[in-house]
Amino acid sequence: MSQRTKIAELLQSTEFGKEITVKGWVRTFRNNQFIAINDGSCLGNIQAVVELNTMDEALLKRLTTGASVAVSGLLIESLGKGQKVELKVKTLEILGDCDAEKFPLQPKKHSLDFLREKAHLRFRTSTFSAVFKVRHVLAFGIHKFFNERGFVYMHTPIITASDAEGAGEMFKVTTLPFDSTPRDEEGKVDFREDFFGRATNLTVSGQLEAELGAMAFSEVYTFGPTFRAENSNTARHAAEFWMIEPEVAFNDLNDNMQLAEDMLKYVIRYALEQCPDELEFLKTRLLEEEKQKPQEERSELDLLAKLHFCLDNEFQRLSYTEAIDILRNSNHNKKKKFKYLIEGWGADLQSEHERYLVEKHFKKPVILTDYPKDIKAFYMRQNEDGKTVRAMDILFPGIGEIVGGSQREERLSFLEKRMEEMHIPLDELYWYLDTRRFGTVPHAGFGLGFERLIMFVTGMGNIRDVIPFPRTPKNAEF
RNA sequence: UCCUCCUUAGCUCAGCCGGUUAGAGCACAUGACUGUUAAUCAUGGGGUCCCUGGUUCGAGUCCAGGAGGGAGAGCCA
C-alpha cells in the first residue's frame, strides 16, 4: 500500500486505468460487492467494486459500516448509474474492524438528538461532515476577510481578572481547595492566596482588551472562545462559544454597520463558493426535515435561496424608535397577538418582536440602532438626545441577534459618569479608561456569535449541532 | 429559572376505552440472489415498556413524586 489518493480528487479524475490506493471508512457494503468508502476529503463516497469470488469470504464479512480500510485497484468509469467513477478492487486490507452490533451508526437516518449523544462519532455522518466543513470554511473566511482589509488578529486573554463588565455570569478560575478555602479577616474567601493572587474568571468578551489594541493598530479583531455561566436552556445558547470581535479606531456607527454587513456577506459568499456540495446537501436535509412540519411553519425560501437573498439585498437599517413605531402600529400588536404588547418607548424588544420585524415586516436581515441607554452597556457612546446610545444589533431570520455592537464612548467625562451611574468600579478599569486619557479617538466595534452564523449558513436549528462538543448546562460530555 | 411536551428492542417509531404471549421497519445472525445506490427476499435471536410509589381482580396504558431529553420564554452572542 503506497501513497493514498484522496477521494475528493478521485471523484473528479478521468485518469481511467490508473492504479490507485484509497484509505477511509466504510459507509455501507451493498450486495456483497459494492463498498462505499468515505475519507472526509469531501461529502461523496468512492464506490469500490469487489469482483465475485475473488475475495476471501471471511474478509468480506468484516466490511461493516464504520470499519477502516485500505483499498488498491484500478480507477475505472463506472458501469452502474449513480456515480461517474469507481474503483475496481485488486487488494483490500481491513485497517480496523468495527463491530456492527456495537457501532451506533447505521446506514439510515438517525435523529440529531441521538447523534448529539454520540458526538464523538457523529463526524462520520454526512450531515455533520457537511456542518463542520462549513464551520471550518467560515472560520477561515473570517480571517481572510480581515486580513485582506489590513486588520491585526489579536489574542485577548482567556483568563481575566476584571469582573466589572457586567456581561453575564462568569466561570471562576481558581486553584484554591474547595473543602478548606482560605479566609480573610472578614471571613470571605481570601483570593490573595489563589494562583493569580486575586479572583479570576474565564472571559466573557475580548472587547475591552481589543479596544486597547485598536488604539495602536487602528484595526484589530479577536476570534476566540468565550464563556458564559448563565443557566440558558435554549437552542441558541452555549456556555462555551466562539466570538469574533473587530474594533476599529476612527469608525463611527455607520462605518461599523457597513463593516459588519460587508463581513457577513463576504463569509456567506465564501461558504457558497467553497462548499457548494455541502450546502446543497444541507439544503436537501432541511427540506426533508421541514416536511414533518405544518405548511405555515415551513420556510418560504430554501437554504441556498435564503443565503443568496441575504447577499443580494441591503440589510434594513432603522432606529429602535422607528422599530417601536412599526411594532406599535402593526396589526399584530393591535390584534394583541404579541405576548408582550408594545405600549411605550424604552422597553427591550422581546424575541417575538424581533422575529416580527425580520420575518414578517421586512423579510430580510435588519440592523437596529440607537437603543435606549438604560438597556445597553456602559461603554456605548451617548447621543445628543441624552436618552439613546449608538448601539446596533443585527437580527437574522430564524436566529435572532447575530451581531451586537456600538460606537464606543470616547469622551472620558461621559464614560466616567456613565460608569458611576451603573456602579462599575472605575479604579479596576483604570487601564481601559487610560485609552480615553491618552490620545482618545472615536472608535467602534461589534461582537459576532460564530455559532449563530454557522446555524444561519447551515440551516441547523440547534447550537449544539454546530459546535463539535457543546457545553451547555448539565452537559460537558467528551 | 419558568411553561409545555416526550421517554416502549441497538436505532426510528406504533401500541385504541386499563384486559390473553407488547409489534413494525432498520441493524444483527443464518441462508438465497448478484451492477447495487439506506440493495432485495426468506428465516431467526433480541424488551428493567426511564425510575420509585400508589389506584385496581388486572397497569406500557390511570395518579403522584423523581431523573433525563426536546420545543418555547427569560438572559444574551
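Only this structure's heavy atoms are used, side chains among them; waters, hydrogens and symmetry mates stay out. A, B, ... follow the sequence lines: proteins, then strands. Residue 1 opens every chain.
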Pick the [atom1] atom in [N] and in [M], then give their distance to the nearest Å.
N      : M      : atom1 : result
C13(B) : G54(B) : P     : 33 Å
C16(B) : G23(B) : C1'   : 14 Å
C28(B) : A64(B) : C1'   : 40 Å
U8(B)  : G46(B) : C1'   : 14 Å
C51(B) : C11(B) : P     : 15 Å
A29(B) : G72(B) : C1'   : 45 Å
C62(B) : G19(B) : P     : 11 Å
G74(B) : C3(B)  : C1'   : 11 Å

Check the phosphate of [N] against [X], side-chain N and O only, distance under 4.0 Å to OP1 or OP2. Yes or no?
X       : N      : result
S111(A) : U12(B) : yes
Q350(A) : A73(B) : no
S351(A) : G72(B) : no
K61(A)  : U30(B) : yes

Are [X] and [Y] side-chain neighbours, meaning at least one heavy-atom pair lies under 4.5 Å?
X       : Y       : answer
C310(A) : F396(A) : yes
E401(A) : R236(A) : no
L92(A)  : L63(A)  : yes

Take atom [atom1] of [X] and atom [atom2] of [N], then tell me their distance rounded to the nearest Å.
X       : N      : atom1 : atom2 : answer
L60(A)  : U36(B) : CG    : P     : 19 Å
L368(A) : C76(B) : CG    : C1'   : 15 Å
Q207(A) : C76(B) : CD    : P     : 15 Å
E352(A) : C3(B)  : CD    : P     : 19 Å
N462(A) : G69(B) : CG    : P     : 12 Å
R27(A)  : C26(B) : CZ    : P     : 21 Å
K339(A) : G74(B) : NZ    : P     : 8 Å

Task: Letter per nucleotide, 5' to 3', of nucleotides 38-51 of chain B [B base touched, S only sugar-phosphate touched, - untouched; heavy atoms, 4.0 Å] - done: BB------------

TODO: Between A73(B), C11(B), G35(B), spot the one nearest the side chain of F114(A), thanks.
DONE: C11(B)

- [ ] Among the candidates A71(B), A73(B), C11(B), find the nucleotide nearest to the side-chain atoms of R464(A).
- [x] A71(B)

Open item on the list: Centre-to-centre under 6.0 Å for F223(A) and Y153(A), is that the case here?
Closed with: no

Open item on the list: Ring centres under 6.0 Å, that's the criterion: do Y432(A) and Y379(A) meet it?
Closed with: no

- [ ] For a side chain to side chain donor-acceptor pair (under 3.5 Å) with Y221(A), tell me which candidate from E245(A), H143(A), R149(A) qualifies.
- [x] H143(A)

Would you mind pulling out the nucleotide paired to [N], Watson-Crick or G-U wobble, both distances under 3.5 Å?
N      : value
C62(B) : G54(B)
A42(B) : U30(B)
A24(B) : U12(B)

Open item on the list: Which residues in residues 123-133 of chain A have a heavy atom closer than 4.0 Å to any atom of RNA chain B?
Closed with: none

With a 4.0 Å cut-off on heavy atoms, is [X] in touch with a base, just the backbone sugar-phosphate, or nothing at all?
X       : result
N231(A) : base
R116(A) : sugar-phosphate
A238(A) : base

Task: Stepwise side chain to side chain contact (heavy atoms under 4.5 Å, CB included) test for M392(A) and N256(A) - done: CA-CA 9 Å; M392(A) 65 131 180; N256(A) 202 32; 3.5 Å; yes

TODO: Kindly assign one of parallel, tilted or perpendicular to the pair Y320(A) and Y371(A), based on the angle between their ring planes and the thresholds 30° and 60°.
DONE: tilted

Open item on the list: Tell me whether the rings of F338(A) and H353(A) are parallel (<30°), tilted (30 to 60°) or perpendicular (>60°).
Closed with: perpendicular

Open item on the list: Syn or anti for C17(B), given that syn means the glycosidic angle lies within 90° of 0?
Closed with: syn

N/O donor-acceptor pair, side chain [X] with base [N], under 3.5 angstrom:
X       : N      : answer
E51(A)  : U34(B) : no
S232(A) : C75(B) : yes
E86(A)  : G35(B) : yes
H237(A) : C76(B) : yes

Task: Stacked cation flag R418(A) on F378(A), 6.0 angstrom / 45 deg - done: no

Task: Quiz item: cation-pi between K144(A) and Y266(A), 6.0 Å / 45° - done: no

Open item on the list: Taking the nucleotide of RNA chain B with the nearest heavy atom to each, does G461(A) or D348(A) sit closer to the 5' end?
Closed with: G461(A)

Task: Among L415(A), T388(A), V389(A), side chain to side chain contact (heavy atoms under 4.5 Å, CB included) partner for Q382(A) - done: V389(A)

